Amino acid sequence: MDNGATKRQKREVRSYLMSREPSIDRRFRPRPNKQLRLTFNDINESGESCSDCSDTESDYAATVDDEATKTTVTESSDVESGPQVFLRLRPVETPSKSYTISDCGSVFITGASNENSSNNVTKSNMEKHYSFTSIFDSMVGQRDIYDICVGPKIQEEESVTIMAYGTSGSGKTYTLQGDNMRAGIIPRALAHIFALYGCALYPKPQLKLINASTIILEDDAAIKEMQLRRQILAVCPDIQAQFQRFQLVIQGDHTFETKPMTDVSVMIWVSFVEIYNENVYDLLALSPRQANMAEPPRKNLKIVCNKGQVFIKSLTSIFVKSSEDALKLLKFGQQRLTYASTAVNANSSRSHCVFFVDILKFYRTGLTTQTSYKFCDLAGSERVDKTGTIGSRLKEAQRINTSLMVLGRCLDAASSSRKKPNPDVIPFRESKLTTLLQAPLLGRERLAMIVTVSPLDKYYEENLNVLNFASIAKNIIFKEPIIKQHKSRYSAFADCSQQVGPDRIYIEELEQENIELRAEIEQIKYEHVLQMQLKEEQLRKELTDTFKENMEFNLKQSEERMEKKLQMQQREFEVQLASIKRQYEDKIEDLQDEIEELKSANSDIEIIDDE
Ligand SMILES: Nc1ncnc2c1ncn2[C@@H]1O[C@H](COP(=O)(O)OP(=O)(O)OP(=O)(O)O)[C@@H](O)[C@H]1O
C-alpha cells in the first residue's frame with residue numbers, strides 16, 4: 001500500500017465525534033491566526049448521468065431547450081474568503097468555569113479541569129484557544145445574531161448557506177427558527193427578503209428553478225404552479241397569531257429598506273428537505289390525489305450533480321407571495337420532520353433539514369439571475385456510548401454521527417488541500433448531506449456556520465469536538481471566486497431586446513399583457529366555478545328555506561282551523577249545556593211547586609183530622 005493510501009485509510013477510521021485530544025492531533029491544534037489558501041477546480045461533474053435530470057416536469061420541456069439559453073454567467077466576488085464561523089453559547093443555569101471568552105471577544109478558551117470527564121487527557125488543565133468570526137454569549141439575542149450573521153448577506157443579495165451545528169439541545173433550531181415569541185434567523189430573513197424586493201415582487205410564477213436551471217414557465221405550467229400553491233397553502237397549519245407576533249418583534253428589531261428596482265420582476269420559491277437515515281425526503285411533497293390526506297407516503301429523492309450544479313431531482317418548490325406563505329410552508333414541513341426524545345433534548349431533530357429560498361429575477365432585457373439561501377439545521381450529535389441509546393434511536397444516532405463525521409472530514413480534507421489540491425480527495429459523496437452542500441463546502445458559495453454550544457461541564461468532550469470542527473472550518477480560505485448570483489440570458493428575450501425602437505417595447509408589453517390575461521382568464525374560470533358552487537349552495541338553501549316556510553305556514557293555518565273548530569264546538573256544547581241546565585231547572589221548579597202543593601194539601605188534611 002502506498003503512503004497516500006495509508007493516510008486515507010487512517011482518515012477513514014478516525015471518528016469526528018470520538019476524535020483524539022486536539023493537542024495530540026497536530027491538525028486539530030487551534031490555529032486562530034493561521035489561514036490556509038486553497039485553490040479549487042470546478043466542482044467535477046458527477047458520475048451520475050445528467051441525461052436523467054430533465055425527464056421530469058414535461059410541462060416545462062418547451063422552455064428547457066439549451067438553445068434558448070445563451071450563456072450562463074455568474075456574478076462573483078474576487079476577494080479571497082473563507083467560511084464565517086460564529087459561536088453561540090446557550091444560556092444555562094450554572095455555566096461551566098472551563099470556558100472563557102478572550103477580551104477581544106473572538107477567541108473561546110477552554111481548558112479548566114473537568115471532573116465529569118472520563119478521558120484522562122481532557123482532565124488536564126491545558127488551555128485551548130478557538131478563534132471565531134464572532135462569539136455570542138448567552139446574553140446575545142436573536143436580533144443581533146441575525147444582524148451580524150445573515151442580514152448583510154441578504155441586503156447584498158448574496159447566495160449563502162447558513163448552517164447551524166452543535167450538540168443536541170444546544171439551540172440550533174432555536175437559532176434558525178426561534179420559538180413562539182422570539183423569531184429566529186429564518187422568519188427574519190424572510191421578512192427582510194420580502195421587504196427588500198417590495199413592489200418588484202411579481203405575483204405570478206413566470207420563472208422557476210428546475211434541475212438547477214432557471215426556466216421560463218409556459219402559461220399552463222404557471223397556472224399549475226398557482227394551483228399547487230393554493231392547494232398546499234390550504235392544508236398548511238394556521239400560523240396567523242404567531243406570524244403577527246413575529247411581525248411585531250421583527251418590525252421592532254429591524255428597519256428593512258426596500259431596494260429601488262425598475263424593469264425587474266422578482267419571484268420567490270421555497271423548498272424544504274429532510275435527510276433522515278441517509279434518505280432525502282421532500283417535506284413539501286403533496287400529490288393532487290393526496291391533497292386531503294394527512295401523511296403522504298415518503299419517497300427517497302436523488303441528489304444529482306450536473307456540470308458543477310447540485311440539485312435534488314423532483315423536489316417540490318412552491319411559489320410564495322409573502323413571508324407568511326413561506327413561514328406556513330416551513331411549519332408544514334416541520335410537522336413532517338422526524339423528531340424524537342433523546343437523553344439531552346425532549347424534542348430532538350433526528351434528521352438534517354435544509355430550507356431553501358430561491359430568488360429569481362427577470363429583467364426586461366432577457367437576463368435572469370438567481371440568488372439562493374439555504375438554511376441548514378443539522379441533527380444534534382450525540383454520545384451513544386454515554387447516553388445508552390438503543391434500537392432505532394441508536395441507528396439514527398449512528399447515521400447522524402456518520403454524516404457529521406463525513407462533514408468534518410470534508411472540511412478537514414478541504415483545509416489540507418493546499419498540499420493536495422485535488423478536490424477528488426474530498427469525500428463529499430460519502431454522505432447525502434455533504435453531497436448536497438458541496439458547493440458551499442468547496443467555497444463556490446458563501447458559507448456561514450453558527451456553532452451552538454451548551455457551556456456545561458457534562459458536555460465538555462462533545463463541545464471540544466464541536467469546537468475542533470469549527471476551528472477547521474474557520475481556518476479555510478477559498479481562493480476560488482465565490483458565486484454571488486447565477487445569471488443566464490435567454491435568446492428568445494435577447495432577440496427581442498435587439499429589436500429597436502418602440503416596436504420592441506410594444507411587443508414586450510403585448511407579450512406580458514398576453515401572459516397576464518391568460519392567467520387572469522384561468523383565475524376567472526376558477527372563480528367562476530367557485531361562484532357557481534356558491535350559487536348552487538345558496539339556491540339549495542333558499543329552496544329549503546321556502547319549503548320550510550311553507551310547511552310552517554300550513555302547520556300554523558291548520559292549527560288555527562283546529563283551534564276555531566274547537567272553539568265552535570265548545571260554544572255549541574256550552575249552549576247545549578245551558579239549555580239542558582235550564583230544562584232541569586224548570587223541572588226542579590215544577591217539582592218544588594208540586595212539593596209545596598203537596599205540603600199544603602197535607603197540612604190541610606192534618607187540620608181537618610184535628611178538627
Ligand atoms: N439561546 C437560547 N435562548 C433561550 N433558549 C434556548 C436557546 N438555545 C436553546 N434554547 C432552548 O433549548 C431547547 C433546545 O433547543 P433546540 O431544540 O434549538 O436544540 P437543538 O440544538 O436544535 O437540538 P437537537 O439537535 O436535539 O434538535 C429549546 O427549548 C430552546 O428553546
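Values reported hereafter were calculated over all heavy atoms of this structure, with side chains retained and with hydrogens, waters and symmetry mates removed. Not measured: the values here are computed from a predicted model. In listed order, ligands and their atoms are each counted from 1.
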A.B. asks: With under 30° as parallel and over 60° as perpendicular, where do the rings of Phe375 and Phe355 fit, or are they tilted in between?
C.D. replies: tilted
A.B. asks: Measuring only between side-chain heavy atoms, which start at C-beta, is Gln242 closer than 4.5 Å to Met181?
C.D. replies: no
A.B. asks: Hey, does Ser170 come in under 3.5 Å of ligand 1, counting only N/O atoms on both sides?
C.D. replies: yes
A.B. asks: Heavy atoms, side chains only, cut-off 4.5 Å: are Pro83 and Met449 in contact?
C.D. replies: no
A.B. asks: Do any heavy atoms of Pro91 fall under 4.0 Å from ligand 1?
C.D. replies: yes
A.B. asks: Do any nitrogen or oxygen atoms of Thr452 lie less than 3.5 angstrom from nitrogen or oxygen atoms of ligand 1?
C.D. replies: no
A.B. asks: Counting only nitrogen or oxygen atoms and a 3.5 angstrom limit, does Ala379 reach ligand 1?
C.D. replies: no
A.B. asks: Taking a cutoff of less than 4.0 Å between a non-hydrogen atom of the residue and any ligand atom, is Gln177 in contact with ligand 1?
C.D. replies: no
A.B. asks: On the 0 to 90° scale, with breaks at 30° and 60°, tag the Phe108-Tyr99 ring pair as parallel, tilted or perpendicular.
C.D. replies: parallel
A.B. asks: Under 4.0 Å from any heavy atom of Arg88, which atoms of ligand 1 are there?
C.D. replies: 1 (N)
A.B. asks: Show your reasoning for whether side chain to side chain donor-acceptor pair (under 3.5 Å) applies to Arg90 and Thr452.
C.D. replies: CA-CA 7 Å; Arg90 199 201 134 159; Thr452 53; over 6 Å; no
A.B. asks: Quick one: closest heavy-atom pair of Thr371 and Glu158, and the distance?
C.D. replies: CG2-C, 3.7 Å
A.B. asks: Looking only at distance, does Asp377 have an N or O less than 3.5 Å from an N or O of ligand 1?
C.D. replies: no
A.B. asks: Which distance, rounded to the nearest 0.5 Å, do you find between the CZ of Arg446 and the OG of Ser159?
C.D. replies: 10.5 Å
A.B. asks: Tell me which part of Thr173 gets within contact of ligand 1: side chain, backbone, both or neither, using heavy atoms under 4.0 Å.
C.D. replies: both
A.B. asks: If we only count N/O pairs under 3.5 Å, is Leu378 in contact with ligand 1?
C.D. replies: no
A.B. asks: Measuring from the heavy atoms of Thr167, does anything fall under 4.0 Å of ligand 1?
C.D. replies: yes
